[in-house]
Amino acid sequence: MPPSPLDSPAPPQRGEYIAHVDVNSFYVSCERVFDPKLEVRPVIVLSNNDGCAVARSAEAKALGIEMGAPWFKLAADADRLGLVAKSSNYELYGEMSARVMKLLGRFSAWVEVYSIDEAFLGVSGTVDELQALGEQIKSEVFRLTGLPVCVGIATSKTMAKMANKTAKHIKELGGVCVWDRAPAQTTESLLARLPVVEVWGIGPRLTKRLRGLGIWTAKDLRNANEVRIRDKFSIVQMRTVLELRGIPCIPMEEERAIKDQLIFSRSFSDPITDRVGMEQVMGIYAQQASARLHKHQKQAKILSAWAMTSYYNQHQDHQPAITVKLPGPTADPVVLTRAAKQLLPQILIGVKYARAGVVVMDLQPCAMQETFDPFISAHEAKQIGPLIQQIRSEHGVKSIGLGRAGLQQGPAWEMRREMMSPRYTTHWRELLTVKAA
DNA sequence: ACGTAGTAG
DNA sequence: CGTTCTACTACGT
């Protein structure tokens, strides 16, 4: 039956929705909770090594400070601008995150923790009920943690993210945006003004290629032929097109009990140009990976190691990498170190390597039972890894280490603070040597 | 199965 | 001179 002006208003439709909750400038907001003087000032939080800005307050953004802006370019002007920079305090952020996520569990039994400061919630109701729910989430999180969040609610994850972005940008919304509650005219114009790079899942490379197809805005992408998009790009981008139409294609996920891989990688304060230096790095990184595997009670079946020159090094570009099948599932530092050092033959003398990393993959939980395994290594059987961890916890992390990674007087790069992540570095730079094999 | 590309936060 | 770190999915071979 065609609608007529005499019809009573449609009864409010209850529907299944997804709420996206995101803490505003998360790291900065955490700092502000414990240091209110930072309110109203432009504040940034720096990455490891105090390398670049990874979180910016609204005031800092207003100063034109970009995400990833290198601190060395900002430091000179900081005083003049009244800019406050803080080094990362990941322990603090992790704990604040846990508080927020626990709170969100009160509003939905279906919470997917997407990142340290974001979650998706399965919710349902009329758009007005959802508006009230969003406002309640926002005020309760603030009341109980001191952290400001925005809430976006829509029928797909991509649109929930879009709604959240809208809530952040249009301050009249008060930090909550229920997409379907806004007049179509409004949402259409929002999509038409939003550059396609702002869409969740569309990065700079895809943006360039999409422009070649005449797709510049979120609206252009939504209206694109999804099959054509799939053929030109991949199934992922086709899903994005459908999600922009409000059709959920990205399911809510269970918490991943077992991560697929674990990475330890760092940039060096000074480049490494020889195999001895790289050998030491591989030893340290492999032992870090081992420690994390132990902590999570996991074992790995595959190890990759890689090194690379700086992205900014115009003269050299070398990215050696290896992948090694481990003799069996293991977290043993001796086995992992030996595997990681297989990268060394590929290291070219004189090339300035700027970073390196160790990746362990194909992770599985440690078997609880003590099974007979003819392939288990001698060190593993003797539990060298757990022993090292225990000694470190009792005598400090500088007390013990394997091979070159245990040298207390390492080469210059090792002593630079830039080598270290804010939490772990203060520990593992002070290792001693022990012969384990 | 493995290496590469791209993306997110 | 110098620009983070971790983790995922998809694709090509």
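Only heavy atoms go into these numbers, but all of them, side chains included; no hydrogens, no water, no symmetry mates. Reminder, nothing fancy here: chain letters follow the sequence lines and each chain counts from 1.
- In this structure, OH of A:Y93 is placed 16 Å from P of C:dT6, rounded to the nearest angstrom.
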Hey, can you pull the donor-acceptor pairs under 3.5 Å for the side chains in residues 63-85 of chain A, sequence neighbours left out?
none

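- Distances shown here put a side-chain N or O of A:S265 below 4.0 Å from the OP1 or OP2 atom of C:dT6.
- Rounded to an integer number of Å, the gap from A:Q316 CD to C:dG2 P is 11 Å.
- A:K157 places its NZ atom 15 Å from the P atom of B:dA8, with the value rounded to the nearest Å.
- Look at NZ on A:K73: it is 11 Å from P on C:dC1, rounded to the nearest Å.
- For A:S234 and A:Q237, the side-chain atoms include at least one donor-acceptor pair closer than 3.5 Å.
- Rounded to a whole angstrom, the distance from the P atom of C:dT3 to that of B:dA8 is 23 Å.
- Looking at A:Q319 and A:D317, their side chains do bring a donor and an acceptor atom within 3.5 Å of each other.
- Of the residues in residues 17-30 of chain A, none lies under 4.0 Å from DNA chain C by heavy-atom distance.
- Among the heavy atoms of the strands, none lies under 4.0 Å from A:L46.
- The OH atom of A:Y114 sits 11 Å away from the C1' atom of C:dT9 (whole-angstrom rounding).
- A heavy atom lying under 4.0 Å from DNA chain B marks none of the residues of residues 342-355 of chain A.
- Of the residues near DNA chain C, A:E253 and A:F72, the one whose nearest nucleotide (by heavy atom distance) lies more toward the 5' end is A:F72.
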Side chains of residues 344-355 of chain A: which donor-acceptor pairs under 3.5 Å do they make with residues two or more places apart or in other chains?
unit_1 : atom_1 : unit_2 : atom_2 : d
A:Q346 : NE2    : A:A321 : O      : 3.0
A:Y353 : OH     : A:H318 : ND1    : 2.6
A:Y353 : OH     : A:L348 : N      : 3.0

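- Evaluation of the side-chain hydrogen bond (donor to acceptor under 3.5 Å, both in side chains) rule for A:D274 yields no partner, not counting sequence neighbours.
- Across every non-hydrogen atom of A:V111 and A:L104, the tightest pair is CG2-O, 3.9 Å.
- Using a 4.0 Å cut-off between a side-chain N of Lys or Arg and a carboxylate O of Asp or Glu, A:E198 and A:K165 qualify as a salt bridge.
- Shown for residues 225-246 of chain A: residues whose heavy atoms fall under 4.0 angstrom of DNA chain C, namely A:S234, A:I235, A:V236, A:R239.
- Relative to the side chain of A:T323, the nucleotides C:dA7, C:dT4, B:dG3 differ in distance, and B:dG3 lies closest.
- If you take CZ of A:F264 and P of C:dT6, they are 6 Å apart, rounded to a whole angstrom.
- Listed by residue number, there are no residues of residues 203-221 of chain A with a heavy-atom contact under 4.0 Å to DNA chain C.
- Listed by first then second residue, pairs satisfying side-chain hydrogen bond (donor to acceptor under 3.5 Å, both in side chains) with a partner in residues 146-160 of chain A read A:E112-A:K157, A:T158-A:E243, not counting sequence neighbours.
- Applying the side-chain hydrogen bond (donor to acceptor under 3.5 Å, both in side chains) test to A:R245 and every residue at least two apart in sequence or in another chain returns A:E226.
- Side-chain N or O atoms of A:S57 include none that pairs as donor or acceptor with a backbone N or O of A:P42 at under 3.5 Å.
- Within the 4.5 Å cutoff, side-chain heavy atoms of A:I302 are placed close to those of A:T323.
- The shortest distance between the side-chain N/O atoms of A:S47 and the OP1/OP2 oxygens of C:dC5 is not below 4.0 Å.
- Taking atom CG of A:D317 as the reference point, atom C1' of B:dT4 lies 14 Å away to the nearest angstrom.
- When the P atom of C:dC5 is taken as reference, atom CG of A:N89 falls 17 Å away, rounded to whole Å.
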Task: Derivation of the side chain to side chain donor-acceptor pair (under 3.5 Å) call for A:D117 and A:S115 - done: CA-CA 5 Å; A:D117 74 326; A:S115 74; 3.0 Å; yes
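- In this view, A:E135 and A:Q131 satisfy the side-chain hydrogen bond (donor to acceptor under 3.5 Å, both in side chains) rule, not counting sequence neighbours.
- Distance from the side chain of A:R292 is smallest to C:dT6 among C:dT4, C:dT6, C:dT3.
- Residues satisfying the side chain to side chain contact (heavy atoms under 4.5 Å, CB included) criterion with A:I116, sequence neighbours excluded, are A:F26, A:Y27, A:Y93, A:S97.
- Using a 4.0 Å heavy-atom cutoff across all strands shown, A:W71 reaches no nucleic acid atom at all.
- For residues 201-215 of chain A, the set of pairs meeting the side-chain hydrogen bond (donor to acceptor under 3.5 Å, both in side chains) definition, not counting sequence neighbours, is empty.
- Distances from the side chain of A:V54 to the nucleotides B:dC2, C:dT4, B:dA8 place C:dT4 closest.
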